[in-house]
Every structure is written in C-alpha cells, then in structure tokens.
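Down below is the structure, laid out as structure tokens.
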Amino acid sequence: MLEIKNLKASINERDILKGLNITIKPGELHAIMGPNGSGKSTLANVLSGKNGYKISGELKYKGENLIEIPVDERAQKGIFLAFQYPTEIPGVNTNNFLKTSLNKIRKARGEKEVDTLSFLKIIKEKSIELGIDEKILSRQLNVGFSGGEKKKNEILQMKILDPNLTILDETDSGLDIDALKTIANGVNSSRDKKKSFLVITHYQRLLNYINPDFVHVLSDGKIVRSGRMELAEELEKTGYKKIN
Amino acid sequence: MLENFKINLKEIDKIKKISRDEKEFRIKNLNYFNKVGFPDKKIEDWKFSDLKGIIYKNFDKLNIKNINSKFKNVDLINDFDHNYITLVNGELNDINFKFEEKKNLKIKSFYNDNFLDRIQDNPLINLNHALSKNGYLLEVEENYRFKKVLVIYNLFTENLRDNILNSRNKIKIGKNSELHTIDLVINKSKHKFINNVYEDIILDNNAVFKNICIQNEKSEGYFHKFSKNTLASKSKYSSFIFPSGLKFNKFDLEFNLEGEESECNLQAASFLGKNDHQEIKTRINHFAPNCKSYQRVKNVLNSDGKGVYQGKIFVKDIAQKTNAYQLSKAMLLSDDSEFDSKPELEIYADDVKCSHGSTSGSIDEDSIYYLMTRGLNRKESVKLLVNGFLNEVIEMIKSNTMRKFVKSKLERHVHGY
Ligand SMILES: Nc1ncnc2c1ncn2[C@@H]1O[C@H](COP(=O)(O)OP(=O)(O)OP(=O)(O)O)[C@@H](O)[C@H]1O
Ligand SMILES: [Mg+2]
C-alpha cells in the first residue's frame, strides 16, 4: 500500500525528516510514536502532499510514485489525513463542505454523486455512530468547535470518504474516555483486508483499543525502533530517553 | 480620447416647462461642473478613484442627449411575490403595487423640487442637478407597513452608447411606516455609458427602511451614485449592497442620524475582477444622542481588480452615547489586485463607543490545503473560501427568501472566477 524509502524532507532550510523507511501492507495498521518535534506531523503532511517541503527519497502508494501528485489527487486516490489541528474555515458550512468533498471523491472513483437527501441520510447514520451532535454540522467548518468536536469531525470525514490509506495525526489527543472509545470503534469498524492505517499517537490507550500490527518510534526524523504492541507498553514505562 | 469635456449652457434651454428658479439652479450647477469638470485624484474624496482619468481614457465622446427609452418587457423575479417599478435608463416606466393599499402611497416621475440646495463639492452631483430629468418619487404615508417588498428594476437598454444618464430619486417614509426594497440591475446595454444617480431617502420618526441592492448583471456602464439618507428619531435603516464591479463604480453614501435613537446598518460584499474599479465611500453623521451605526464592507479582489473603501464617522458634540462600528475586510487573490481603505473618525462628544478596523490580505493557504486534502482542487477550494468570506455578509439578511435569492445571484458572480 505504502512504501517509504530513505525519505528526507526539509522546510525553511531545516532538515526534519532524515532518511525514513516504512512499508505498510494492505490491511495493516501501523502506529508511530515519538517525542514532540520529532517530525511526525511533517511525515503526515508530506504523505498528504502539502506544498513547501524539499523532498528526496522514495514515496510509493499502490506502486505509484506519489511525489509529483498534488494534494487533491492524492485524496481522490484514497489517501486521507486526519489533522492534528483541523483548520477553522469561516463562512463555509460544514454540511455543504462534506457533501462537496464526498462527491469529488466519489466522482474520482467513478461512482455516482449523491443527492442532498441520501447525503443527509449518510451523515445522520455516521454522526450517531460517532456520537456527534448533528447541530455542529450546520455550523461553519470547525469554527468554534471544541477540541474534541474537531477531532470527531475528522473521523466523520474519514468514515464518509472511506479511504484506502488513513493517516491519523494525534486524533486521540484531547478526547475524553468515551470519545476515545467511539473513535477507536470507528477505526476498528473500518478495518478490513484492503485498508491500511498510519496512526500517530502519544498514548498507549488508543493502541489498546485498536491493536496495531506494528509500532514505530520516530525520533529526530528517523525510525529508531520498530516492534509490536509490546514496544508501546515499554515506552509507556520508560519514556523516549532510553530508546536512543 | 476625450479632452477637456464641457457642456453647453444651451442644453438647459432644451429642458422645457421649468420655473425660473429651477433654471437658475440648473445653470448655477452646470457652471460649476464646467469649471471643475470630472473629479480627479487631486480632490481628496477622489484620491483613490481618478474619475477624470478613467473617463478621458475610455471615452472618445459623451452624449448628453436623453435617449428615447420605450417600455421594455422585464423578466420579473419568480422567487417571491413583489410590487415593482421599472426604470428604463433611469426613467420611470412601469408601476405595479398590486399588493398594497394605494391610498397609503404615492409614486410619480420626478426630478427635483428643491432649488435651494447649496452648491455641493462633488462635481457629479452638480452635473446631476444641472441635467437630471428622470427618476421617481415614492412617498409612503404614516402608519403603513408595506405588505410585500418593492423591487426596483433598473433596466439599461441596448441602444445606449456614450450617453450620460442623470437621474434623481426620492423616497419618503412616513411616521411608523415600513418599506423594503430591492434594487436590481437588468442590463441589455452593449456599449459604454455613464449612469449618475442622486438619491434622497427620508425616514420620519419610527420609520423602517430595508434595502438590498444587487448589480448582478455586468455592463460597460460607469456608475456613480450619491445617496443622502436622513433618519428621524427611532427610525431604522438597513442596506445591503452587492455591487458587481464595473470599470467604474462608486457609491457615495451619506447617512444623517438626525433624530435620537435612530440606527443605520450598512453591509456590502463584492467580488471584483479584471478591469474592475469600485469604491464605497460613506459618511455617517451622528447628529443626535443615542444613535447606532454599523458598517461592514467585504471585498474579494481578483486579477487587476481595484477596490476602495473610504469610511468616515462624524460625531457631533451633543451626540452622546453614540455607538458606531466600522469594519472593512479585503481578500486579495492576485498580486495585481489592489485595495485601499481610509477609515476616519471625527468625534466631538466624549461619551461614545466607536470602533473601526480594516484588514486586507491574501487567501489563507492553510485553509486551501485543508480543503484540498478532502479532494477539492485549488480552484474549487478558493471558490468555497471566497463564497464563505462573502457569505458572512449575506448571512446577516434576516429573511430566508431574500437570503436565498441574494445567494443565488451572487454565487453566479464568483462562478466566473
Ligand atoms: N514550516 C516550518 N519551518 C521551520 N520548522 C518547522 C516547520 N514545520 C515544522 N518545523 C519544525 O520541525 C520539527 C518537527 O515538527 P512536527 O510538527 O513534524 O513535529 P511532531 O513530531 O508532529 O511534534 P508534536 O508531537 O509536538 O506534534 C519541529 O521542531 C518544528 O518546529
Ligand atoms: Mg505533530
């Protein structure tokens, strides 16, 4: 699904990713942990295609070189990034945005666009599943949403857009215990043999719910350790200091 | 290229059946216009809009002859019931107040009834005073609330070419009465012309006036409108303007809050593109205590579009407890676009709440990135953000029907982006 080889990325003359390797196969869920500032969000941004980075190395998605492909086309090909800090967009109605987005993705997949009625049905179903108050969806996109509401809105989008590769950037941070469970359930119910996940997190708690196949530690722009769930448990006890 | 444009005094002799006072008034104004000419940027009020330069550059000749404007059928709005009047090149043509009690209103063709006006310091007003022969007068009696909105269809005909149209309109709303209007441009013209409007709106005690002005159809017209609005005690005036952007488009709006506890609310949103030059100039005069004024002007500028906002708030010494607010926001989509803003406060009372702010900047790249990660391309993302930016003004329209109507008209604008 995703092959990253010797990936380097810099921005504003600053080297952030310094030769990173990860391979994610279809159906796998990989977790990335790592200290603040180690480059986790940068990796997520680079995977989504954000402009402004100087990039070298190999980045392959389903066998295709990603580096030249713009952000929107990556999304249409099934890559989804749940933001660590979802952007507030004044004036843009959340429901309208969700519908526009869904129809863009559906069109790219060669599927029929959904009309307003069936869209609202989808939304209703998914919001109930995720415990989202539907009222916030008639508000401006992320504007004035609470931290948790923003995160839930990201997962809602994941659910609606049904991507092949989902990158969650600290989606669990700032969630209450119930919300954490709902979101973990949301991820679990989306998992199947074809879909892959890259989950960035600081906490073992989310991983207990979603059972990662692999856990990696990113430090100073490189993967310094990889292992199974036990690695996350070890980190919880010892912290990152002993890892390097 | 036009040069040193002047108008012969004989033009005034051609206006038949006028009193000596009126004739003198017209001559006085024409002389003044001939002396000063079209305003250029040396005049403070015009420093961002060099009208003389623009007119001289774009016109080879100007024709002040009134164009024969026969009645044209207008495609009426189907979205909601409404009364209407039709102005063809400024001339009152069709009148339909089928939803109202006729005894409570008066409508007629009109140009002027007051020849005592002192000479104004805006040459376009002088030009209008000298030559205007068209327009309408609408009077609403006391204690009458219009049942339906009045749509004013402003039609510009195909045969316009190098004409200067001068028209003058007046609306008087009696005590405790209420009127809602929509000004809509319908453009059939193909060539350049100048449209110069003088407007007088007078609200008596407790009167309510709400207006939405939509110039959704672009033309080769060069538009100037001076609007003088007088508010008596406890009257309320709200105006939403959605100008289309033209080669020249200036709204010069004066609000005189003369009675205590009167309120005015002015909001504008525009998308300006290639070759557009638009100015909104306001002057809010707080002449009485306990009045409120609110202004919000939003502009999106694309290509080499140019926008200007000059907003002045004047608070007289006796106008205590004034609450005045003014905000201008501009979003620039291109390096060639330009936005100038000049907010001004002149305050002589000590117990007042006045605030003003002005921001202009390019579109937020993080927002575009976010939208693109959801599959929208750059253009679609920009469009969504632009509509969002302008929607904040539209959302302030209270009536659902009106808000939907304006949205549909305005989104078509941005569509061209
Ligand atoms: N545009 C930029 N210009 C300069 N430095 C940047 C830029 N973006 C990120 N950095 C720096 O790169 C480093 C990695 O940032 P990144 O956001 O990827 O960290 P992170 O691992 O996600 O941290 P956290 O756990 O706090 O979210 C940080 O030191 C950050 O300050
Ligand atoms: Mg981060």
Side-chain angles (χ1 to χ4, degrees), chain A residues 44-53 69-94 96-109 113 138-143 150 153-154 156-158 160-163 166-167 169, chain B residues 240 242 267-271 296-300 327-331 333 357 359-397 400 403-404 406-408 410-411 413-415 417:
Chain A
N45 291 342
V46 167
L47 289 176
S48 74
K50 190 174 185 180
N51 287 334
Y53 297 98
I69 297 177
V71 183
D72 52 324
E73 285 176 32
R74 291 190 200 193
Q76 291 168 8
K77 285 177 190 293
I79 298 179
F80 179 84
L81 166 62
F83 281 59
Q84 181 175 2
Y85 305 109
T87 316
E88 298 199 358
I89 306 192
V92 174
N93 174 279
T94 307
N96 280 350
F97 155 74
L98 291 175
K99 186 172 163 230
T100 312
S101 166
L102 174 60
N103 280 331
K104 282 296 288 188
I105 302 280
R106 288 181 67 95
K107 224 169 131 188
R109 286 200 293 237
E113 296 190 17
S138 53
R139 285 175 28 198
Q140 303 177 40
L141 183 51
N142 290 327
V143 178
K150 281 183 186 163
N153 187 27
E154 296 290 286
L156 175 67
Q157 293 174 47
M158 175 193 86
I160 294 171
L161 302 179
D162 193 26
T166 301
I167 305 152
D169 190 355
Chain B
F240 284 86
F242 303 104
Q267 311 221 25
S270 306
F271 183 90
R296 183 155 66 162
V297 174
K298 293 191 120 186
N299 280 287
V300 177
L327 179 70
S328 156
K329 276 191 174 179
M331 182 191 268
L333 301 181
T359 63
S360 83
S362 47
I363 197 159
D364 180 36
E365 283 299 326
D366 283 339
S367 300
I368 292 179
Y369 167 58
Y370 185 84
L371 296 174
M372 286 181 75
T373 61
R374 303 314 188 229
L376 283 73
N377 65 30
R378 192 177 171 87
K379 205 168 165 153
E380 291 159 341
S381 306
V382 170
K383 210 145 119 183
L384 204 60
L385 292 172
V386 164
N387 274 323
F389 180 80
L390 299 176
N391 267 345
E392 286 193 307
V393 169
I394 303 173
E395 292 299 331
M396 301 300 290
I397 299 175
N400 280 332
R403 194 170 55 242
K404 255 168 76 187
V406 169
K407 232 178 218 173
S408 69
L410 217 67
E411 260 161 25
H413 262 211
V414 180
H415 215 75
Y417 161 75

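Predicted, not measured: the structure shown is a model, and the values here were computed from it. Basis for what follows: all heavy atoms, side chains included, without hydrogens, waters or symmetry-related copies. In the text below, chain A, chain B and the rest are named by the order of the sequence lines, each starting its count at 1.
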(message) Among N96(A), L161(A), L81(A), T100(A), which residue has the highest count of heavy-atom pairs closer than 4.5 Å to chain B?
(response)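 The residue among N96(A), L161(A), L81(A), T100(A) with the greatest pair count is L81(A).
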(message) Heavy-atom pairs under 4.5 Å with chain B - which of Q76(A), E154(A), E73(A) has more of them than the others?
(response)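 Ranked by contacts with chain B, first place is E154(A).
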(request) Tell me yes or no: between the side chains of S48(A) and Y369(B), is some donor less than 3.5 Å from an acceptor? (result)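 Side-chain D/A pair, S48(A) to Y369(B): present.
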(request) Would you tell me whether R403(B) and N400(B) have side-chain atoms, one donor and one acceptor, within less than 3.5 Å of each other? (result)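 Per modelled atom types, R403(B) and N400(B) side chains form a pair under 3.5 Å.
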(message) If you compare all heavy atoms of D169(A) against all heavy atoms of A44(A), which two are closest, and at what distance to 0.1 Å?
(response)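 Nearest pair, atom of D169(A) first, then A44(A): OD2-CB, 4.3 Å.
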(request) Would you please name every residue forming a salt bridge (Lys or Arg N to Asp or Glu O under 4.0 Å) with R74(A), sequence neighbours left out? (result)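 R74(A) satisfies salt bridge (Lys or Arg N to Asp or Glu O under 4.0 Å) with no other residue.
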(request) Find the one option among N391(B), L384(B), L376(B) whose heavy-atom pairs under 4.5 Å with chain A are most numerous. (result)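 The option with the most such pairs is L376(B).
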(message) For P163(A), which atoms come within 4.5 Å of any heavy atom of chain B: side chain, backbone, both, or neither?
(response)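 P163(A) has no heavy atom closer than 4.5 Å to chain B.
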(request) Please flag which part of L98(A) lies under 4.5 Å from any non-hydrogen atom of chain B: side chain, backbone, both or neither. (result)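 When you check distances to chain B, no heavy atom of L98(A) falls under 4.5 Å.
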(request) Side chain from CB out, backbone as N, CA, C, O: work out which of these in E365(B) comes under 4.5 Å of a heavy atom of chain A, or both, or neither. (result)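 No part of E365(B) comes within 4.5 Å of chain A.
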(request) Identify, with sequence neighbours excluded, every residue that meets side-chain hydrogen bond (donor to acceptor under 3.5 Å, both in side chains) alongside Y53(A). (result)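 Per chain and number, Y53(A) pairs via side-chain hydrogen bond (donor to acceptor under 3.5 Å, both in side chains) with N45(A).
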